[in-house]
Amino acid sequence: MPDTPYDILIYGGTVLTMSEDGRIVKDALVAVRDGKIVSVEERAPKEPLPEAVETIDAKGCVVMPGLVNSHTHVPMVCFRGLADDLPLMDWLNNHIFPAEARFVNREMVYAGAMLACAEMILSGTTTFCDSYFYESAVAQAALDSGMRAVVAQGFIDAPVMEGNDPGKQRAVADKFADRWSGYAPLLTPAFFCHSPYTCTPETFRTVKEAARQARVPYLTHLLETKEEIDIVRNRHGKAPLEFLVELGVMDEGTIAVHCEWLAEDDIDTLARLGVKVAHTPESNMKLASGITPVPALLRKGVPVGLGTDGCASNNDLDMFREMDTAAKVHKLVNADPTVMDAETVVKTATLGGARVLGLDRWIGTVEAGKMADIIIVDMNKPHLTPLYNVCSNLVYAASGADVLTSIVNGRIVMKDRRLTTLDVFSVMERVRKIAFDIARG
Ligand SMILES: [Zn+2]
């Protein structure tokens with residue numbers, strides 16, 4: 001017996017560890033102390049439970065790693081439903097960029113991020129990777145709501161948000177990394193160059209240099225639409241990936257988001273350079289921008305995580321819905337129902353995402369030694385009965401609303417669907433007030 005009680009004990013559930021050996025433990029006992037998973041074991045019948053501060057009965061539930069949303073722009077929840085059913089460039093240039101120029105400020109970013117954190121916790125996400133402006137306000141919201149996050153300060157040259165002078169950009173980047181680097185691995189600072197069609201070569205180089213020095217992740221949208229290839233070719237005489245490779249910004253510290261229009265040899269290039277990919281199928285489908293060749297990327301060993309993208313192009317942050325879509329869309333476009341099986345999809349949403357974010361040492365599986373980022377999913381529901389295959393039910397039948405309890409870093413942030421870290425009604429009210437102004441234009 002330990003000297004001190006455990007912080008949390010979860011008993012009676014089926015643990016989907018998502019470890020490399022695919023271990024599933026029935027009638028398990030998961031013990032958590034000091035933010036970490038101490039043990040995951042089968043519990044002998046009628047064995048008395050050890051002492052713990054919090055004991056959770058998970059009978060009829062699946063206990064699994066918290067979901068990792070590997071790409072989003074959380075403050076964009078404020079633009080949810082503002083402009084739908086448009087092509088990307090029209091949507092961006094005539095709706096989103098103008099709304100951002102008028103309404104994005106620290107208050108909007110914090111309020112939106114708190115609403116997004118509520119939505120993510122309620123739907124089983126425990127880690128998110130965000131890229132936006134005023135990212136310090138997102139970092140604060142992540143800390144206040146108790147979520148794990150990679151927070152990437154955004155850089156963009158057109159339209160101008162926060163200045164495009166390389167000296168100023170470098171100062172902004174260094175200050176941001178400095179301010180947030182002490183919270184790892186709960187919070188990881190990062191940098192985000194919006195895209196090859198909105199950032200100059202100087203911006204890409206300057207921000208990458210800052211990322212290398214601070215040893216933090218570096219992100220960019222890449223090859224989201226076919227049109228991007230023509231825009232970048234006309235401006236720089238090269239295809240987008242070639243442009244970035246020649247700038248020297250593509251390496252194992254880089255996360256390329258979207259990547260729908262990869263040529264066959266582009267996949268080899270990403271694999272060779274160690275670049276990671278964040279896959280956002282619902283956003284790509286809604287904007288009809290294309291589909292990432294995920295089965296081919298996985299075959300070549302490129303780490304792939306799953307993400308929702310921002311709420312203006314999805315329009316929700318429910319990773320269960322995203323898993324369902326990811327499983328089905330690749331079958332359709334490949335005319336092959338055997339690709340992206342349910343287990344592969346759950347992996348992209350857990351350990352795969354953790355690898356993409358460089359956090360797989362700490363999270364992504366329910367195993368002893370990992371940080372306790374755990375969700376408990378109630379399978380005792382009509383739409384989840386019977387239960388032949390856990391991953392099948394999670395991907396094809398469950399939704400975020402089936403998550404009962406969420407634990408991040410050993411802290412219970414939702415218990416029996418009640419959020420413990422924030423007042424969801426006041427958070428919604430704050431965003432409704434902001435939306436009232438946005439709607440008036
Ligand atoms: Zn995005």
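Atoms within each ligand, like the ligands themselves, are counted from 1 in listed order. Computed from a prediction, not measured in an experiment: that's the story for all the values here.
Side-chain contact of T325 with E282: a donor-acceptor pair under 3.5 Å is present, judged by distance alone. A side-chain donor from one of Q213 and R170 sits under 3.5 Å from a side-chain acceptor of the other.
Residues passing the salt bridge (Lys or Arg N to Asp or Glu O under 4.0 Å) test with K286, sequence neighbours excluded: D84.
Proximity of a side-chain donor or acceptor of T292 to a complementary backbone N or O of H258 within less than 3.5 Å is detected.
Coordination check, E224 versus the Zn ion (ligand 1): failed, since every N/O/S atom of the residue sits at 2.8 Å or beyond. Checking H71 against the Zn ion (ligand 1), an N/O/S atom falls under the 2.8 Å cut-off.
Taking the Zn ion (ligand 1) as reference, the nearest N/O/S atom within D309 carries the name OD1. H221 contributes NE2 as its N, O or S atom closest to the Zn ion (ligand 1).
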